[in-house]
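Because only heavy atoms are used, hydrogens play no part in the values below, and waters and symmetry mates are left out as well, while side chains stay in.
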Amino acid sequence: MSLAIFDLDNTLLSTDSDHAWGEFLLEQGAVDPIAYREANERFMADYQAGNLDMAAFLEVALKPLADNTPEQLAAWHQQFMASKIEPHILPKAEELLARHRTKGDTLLIITATNRFITQPIAKRLGVDHLIAVEPERIDGHYTGRALGVPSYREGKVTRLKQWLEEQEQSMDEAWFYSDSHNDLPLLEQVDHPVAVDPDDTLRNVAEERQWRIMSLRD
């Protein structure tokens, strides 16, 4: 039995859930249609380029959580799951999760997207363990701030090490599946790194290092 770690966006899903949530909020008229769309697209491009300013991104991304009631957010998330997430759950991703589950492996999703967005997605995929950006809540309401180290780039390694200590888990023979070069710091830490439908930068590194490359979309 090993630890099987999965990136979420564009790995287990054929979309980026953070970006999709932004699009959903725009469709609901919940955010400024010009400024928010521009920011959503800019941050997505920065992420893909590997130079995302995480603090600036989270300031924008978490503000709608603080600006709306928990009840409204919960209702929106149900609609979001149906319209923006369910169509992008990849059958081959579910098969991959099932294979590791059958082997008795511990399944863990680690993502730079916040827990509000991703916890229901992890539940839908049957994955009990999730490391995500943690939005602060006080008395049940989101504050618009994040807690602790964001699980992005090297932060994924930091957060995983904390989780391993808490769970008394080992990295021996661990797997990590990801599409993004932003995850190279963690891919380099596992015995079984797998590039899944990788971006060009990750594909080049994977080919050079003879890592496994696979597709969940074919």
Side-chain angles (χ1 to χ4, degrees), residues 7-88 109-124 130-160 178-186 199 201:
D7 177 51
L8 180 64
D9 298 317
N10 289 310
T11 300
L12 295 178
L13 302 176
S14 61
T15 190
D16 183 287
S17 60
D18 224 336
H19 186 264
W21 173 249
E23 289 295 306
F24 177 83
L25 291 175
L26 284 161
E27 291 170 9
Q28 303 309 307
V31 289
D32 181 277
I34 297 175
Y36 193 89
R37 183 179 298 281
E38 189 276 330
N40 204 35
E41 297 303 322
R42 184 179 73 254
F43 286 133
M44 186 67 190
D46 288 347
Y47 172 81
Q48 291 170 340
N51 55 20
L52 176 65
D53 181 334
M54 196 62 174
F57 166 70
L58 289 175
E59 184 177 345
V60 173
L62 298 182
K63 188 175 186 298
L65 301 186
D67 288 347
N68 292 280
T69 66
E71 293 78 15
Q72 178 64 80
L73 291 168
W76 276 341
H77 203 293
Q78 282 192 326
Q79 299 173 47
F80 169 70
M81 285 292 294
S83 64
K84 300 292 187 183
I85 298 301
E86 197 65 36
H88 292 282
I109 288 173
I110 186 163
T111 175
T113 301
N114 72 72
R115 183 173 293 273
F116 167 77
I117 294 173
T118 56
Q119 184 79 66
I121 302 173
K123 183 178 179 180
R124 163 65 179 82
L130 171 68
I131 295 172
V133 169
E134 297 290 348
E136 182 184 57
R137 297 176 75 178
I138 296 177
D139 297 330
H141 291 263
Y142 291 101
T143 66
R145 296 184 294 270
L147 295 171
V149 176
S151 41
Y152 171 62
R153 294 182 66 89
E154 292 80 1
K156 284 193 176 182
V157 178
T158 301
R159 292 285 304 282
L160 177 60
S178 177
D179 72 294
S180 174
H181 69 278
N182 287 298
D183 283 335
L184 280 168
L186 183 49
D199 60 39
T201 301

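Closest of all the heavy-atom pairs between His77 and Pro120 is CE1-CG, 3.4 Å. In terms of heavy-atom proximity, Asp199 sits nearest to Ser180 at OD2-CA, 3.3 Å. Nearest heavy atoms, Ser14 versus Asn10: C-OD1, 3.8 Å. Considering all non-hydrogen atoms of both residues, Leu58 and Pro150 come closest at CD1-CG, 4.1 Å. When all heavy atoms are compared, the tightest approach of Gly155 to Val149 is CA-CG1, 3.9 Å. The shortest heavy-atom contact between Arg115 and Ala132 is N-CB, 3.8 Å.
Here His88 contributes atom NE2 and Leu12 contributes atom CG; the two are 14.5 Å apart, rounded to the nearest 0.5 Å. Taking CG of Leu52 as the reference point, atom CZ of Arg42 lies at 10.0 Å (rounded to 0.5 Å). Remark: Trp76 CH2 to Thr69 OG1 distance equals 8.0 Å, nearest 0.5 Å. In this structure, NE2 on His19 lies 4.5 Å from CG on Asn40, to the nearest 0.5 angstrom.
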Q.
For a side chain to side chain contact (heavy atoms under 4.5 Å, CB included) check, start with the C-alpha distance between Phe57 and Asp46, then their side-chain angles and the critical distance, and finish with the verdict.
A. CA-CA 10 Å; Phe57 166 70; Asp46 288 347; over 6 Å; no
**Q.** Working for side chain to side chain contact (heavy atoms under 4.5 Å, CB included), residues Phe43 and Asp18
**A.** CA-CA 10 Å; Phe43 286 133; Asp18 224 336; over 6 Å; no
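Within the 4.5 Å cutoff, the side chain of Ile85 has no heavy atoms near those of the Arg124 side chain. Residues Leu186 and Ser178 have side chains not in contact (no heavy-atom distance under 4.5 Å, counting atoms from C-beta outward). Considering only heavy atoms from C-beta on, Leu62 stays 4.5 Å or farther from Arg145 through its side chain. Two residues are said to be in side-chain contact when any heavy atoms from C-beta on lie closer than 4.5 Å; Thr111 and Leu130 meet this criterion. Between Ile117 and Phe80 the shortest side-chain heavy-atom distance falls below 4.5 Å. Between Glu134 and Arg159, some side-chain heavy-atom pair lies under the 4.5 Å cut-off. Side-chain contact between Asn182 and Tyr47: present, with at least one pair of heavy atoms (C-beta onward) separated by less than 4.5 Å. Taking the side chain as every heavy atom from C-beta outward, Leu65 and Asn114 approach each other to under 4.5 Å.
Checking Asp9 against Thr113 by side-chain atom types alone, a donor-acceptor pair falls below 3.5 Å.
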Pair up each side-chain donor or acceptor in residues 22-32 with any protein partner under 3.5 Å, not counting sequence neighbours, and list the distances.
| unit_1 | atom_1 | unit_2 | atom_2 | d |
| --- | --- | --- | --- | --- |
| Glu23 | OE1 | Arg37 | NH1 | 3.3 |
| Glu23 | OE2 | Arg37 | NH1 | 3.3 |
| Glu27 | OE2 | Lys84 | NZ | 2.7 |
| Asp32 | OD1 | Ile34 | N | 3.0 |
| Asp32 | OD1 | Ala35 | N | 2.6 |

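For residues 49-63, the side-chain hydrogen bond (donor to acceptor under 3.5 Å, both in side chains) pairs, not counting sequence neighbours, are Lys63-Asp67.
Remark: the backbone N or O of Pro64 is paired with a side-chain donor or acceptor of Asn68 at under 3.5 angstrom.
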